[in-house]
Each structure stands twice: as C-alpha cells, then as structure tokens.
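This report refers to the structure that appears directly beneath it.
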Amino acid sequence: MTPEKLQSIAFKWFDTFNNKELEKLLSLYDEDAVHFNPKLKSLKPETNGFITGKQALRQWWQDAFERIPSLNYKVKSVTANGDRVFLEYTRSAEGEDDLQIAEVLDIREDKIIASRIYQG
C-alpha cells in the first residue's frame, strides 16, 4: 500500500473521530481489529488495556463520545511506511489538560487491523 493511501486512511480516521461519526469510524477497521489504550487499562482493568473486534470498539468509543462530548484530536504529524501509520496528535477535552498522544495503526487491505496508543 502506498504511503499516500495509508495517510488517506489516517486522515479519514481523524475526521470521523472528531465528528463523532461512529459507524464511519468503525468502517475503517477490520472485524477482528485489536486496540490497545492505557485508558482502557485504568477504566476497565479486566481488559489489561486491550479490546478486540468492532463491537468492543463501538462500545468503547460510544462511551467516550457520551462521557466527553468535547473530545477532539488535533493532528501534529502523520507518517506512513509499509503497512503502518504513525500518528502524533493532541487530545483535547473541555476541563482537562491537553494530552500528547502517539498512535500506531497497522493496516492490511485498506482496513486497520491493530492500533496502539502511547501517551505522555
């Protein structure tokens, strides 16, 4: 897959997330996609930070959109290579300090098969 195609998927990801278009966001993912997020580990310790599949992603993001309606990601950089996109962005939400995020999307056949969030 070309870097341009990978970046296109990443920018669609940002757009659909920031617009809270849950079904369009989920359409970017493989049915069995795996997602790691340190916030999952703290909010749902039984997951150890991992969820698998679109239904789990749907529940996670629906909850986030309802709990934090002002949640927004501001793109800092998008780097694509091979079958992977590295994202850097600022997570903003009303009443919370901004958080710097790095996220890796593994993509196969135009679908995100895995994503991992690193925050600091």
Side-chain angles (χ1 to χ4, degrees):
M1 193 173 306
T2 67
E4 294 80 17
K5 178 64 176 171
L6 292 168
Q7 288 176 327
S8 170
I9 292 169
F11 284 111
K12 283 181 193 173
W13 185 90
F14 279 114
D15 288 342
T16 57
F17 189 94
N18 284 333
N19 290 317
K20 315 288 188 283
E21 296 175 301
L22 185 56
E23 293 308 315
K24 286 183 181 180
L25 178 63
L26 290 167
S27 74
L28 300 173
Y29 284 81
D30 183 78
E31 287 297 324
D32 299 317
V34 177
H35 178 67
F36 172 79
N37 186 328
K39 285 195 177 286
L40 266 165
K41 196 171 187 175
S42 63
L43 293 172
K44 297 179 181 260
E46 70 279 6
T47 67
N48 204 28
F50 290 91
I51 54 176
T52 301
K54 282 189 179 184
Q55 185 57 34
L57 287 166
R58 179 180 285 107
Q59 291 170 347
W60 173 245
W61 284 322
Q62 185 65 50
D63 177 63
F65 294 158
E66 289 172 3
R67 275 187 304 108
I68 316 165
S70 62
L71 183 61
N72 186 273
Y73 294 159
K74 296 175 186 144
V75 181
K76 292 174 72 176
S77 73
V78 175
T79 306
N81 190 348
D83 60 356
R84 185 168 287 152
V85 183
F86 181 78
L87 313 171
E88 290 181 281
Y89 55 92
T90 302
R91 178 195 181 276
S92 299
E94 193 173 301
E96 298 181 21
D97 290 337
D98 285 353
L99 188 59
Q100 301 308 309
I101 305 285
E103 184 163 355
V104 177
L105 304 177
D106 293 324
I107 301 174
R108 185 178 312 133
E109 298 177 9
D110 295 340
K111 295 290 184 185
I112 300 166
I113 60 168
S115 53
R116 296 173 301 286
I117 291 179
Y118 305 92
Q119 58 191 38

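In this text the structure is predicted, and so the values were computed from the model without any measurement.
Between the OG atom in Ser27 and the CG atom in Leu25 there is a gap of 7.5 Å [rounded to 0.5 Å]. To the nearest 0.5 Å, atom CG of residue Leu22 and atom NZ of residue Lys20 are 11.0 Å apart.
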From CA spacing to verdict: ring pair (Phe, Tyr, Trp, His ring centres under 6.0 Å), Phe17, Trp13
CA-CA 6 Å; Phe17 189 94; Trp13 185 90; 5.7 Å; yes
For the pair Arg108 and Asp83, evaluate side-chain contact (heavy atoms from CB on, under 4.5 Å) and give the outcome as yes or no after the intermediate values.
CA-CA 7 Å; Arg108 185 178 312 133; Asp83 60 356; 5.8 Å; no
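For the side chain to side chain donor-acceptor pair (under 3.5 Å) test, no residue two or more places apart in sequence or in another chain qualifies with Trp60. Remark: Glu21 pairs with Lys24 by the salt bridge (charged side-chain N to carboxylate O under 4.0 Å, His left out) rule, at least two apart or across chains. Here Val78 pairs with Gln7, Ala10, Phe11, Phe14, Val75, Val85, Leu87 under the side chain to side chain contact (heavy atoms under 4.5 Å, CB included) rule; sequence neighbours left out. Residues that satisfy the side chain to side chain contact (heavy atoms under 4.5 Å, CB included) test with Pro69, not counting sequence neighbours, are absent from this structure. By the side chain to side chain contact (heavy atoms under 4.5 Å, CB included) test, Ala102 is found to be paired with Phe86, Tyr118, residues two or more places apart in sequence or in another chain being considered. Among residues two or more places apart in sequence or in another chain, the side chain to side chain contact (heavy atoms under 4.5 Å, CB included) test is passed with Asn18 by Asn72, Tyr73.
Here the side chains of Ile112 and Ile107 are in contact, with some heavy-atom distance below 4.5 Å.
For residues 90-107, the pairs satisfying side chain to side chain donor-acceptor pair (under 3.5 Å) are Lys74-Ser92, Lys76-Gln100, Arg84-Asp106, Tyr89-Glu103, Thr90-Gln100, Arg91-Glu96, Ser92-Asp98, Asp106-Arg116, with sequence neighbours left out. Residue pairs meeting the salt bridge (charged side-chain N to carboxylate O under 4.0 Å, His left out) criterion with at least one partner in residues 53-68, sequence neighbours excluded, are Glu23-Arg58, Glu31-Lys54, Asp63-Arg67. Evaluation of the side chain to side chain donor-acceptor pair (under 3.5 Å) test over residues 35-51, restricted to residues two or more places apart or in two chains, returns His35-Ser115.
Between Leu6 and Met1, the closest heavy-atom pair is CD2-SD, 3.4 Å. Across all non-hydrogen atoms, the minimal contact from Ile68 to Ala93 is CG2-CB, 3.5 Å. Contact record, Ala80 with Pro3: CB-O, 3.6 Å, taken as the closest heavy-atom pair.
Val104 and Ile51 end up in different hydrophobic clusters when Ile, Leu, Val, Met, Phe, Trp and Tyr side chains are linked at under 4.5 Å. Under a hydrophobic-cluster definition in which Ile, Leu, Val, Met, Phe, Trp and Tyr are linked whenever side-chain heavy atoms come within less than 4.5 Å, directly or via other members, Ile113 and Val34 are assigned to different clusters. Placement of Tyr29 and Phe36 in two distinct hydrophobic clusters is found when ILVMFWY residues are connected by side-chain heavy-atom separations under 4.5 Å, directly or transitively. Leu71 and Ile101 fall within the same hydrophobic cluster, defined by Ile, Leu, Val, Met, Phe, Trp and Tyr side-chain heavy atoms under 4.5 Å apart, directly or through other members. Under the 4.5 Å side-chain heavy-atom criterion for Ile, Leu, Val, Met, Phe, Trp and Tyr, Leu40 and Ile117 are members of the same hydrophobic cluster.
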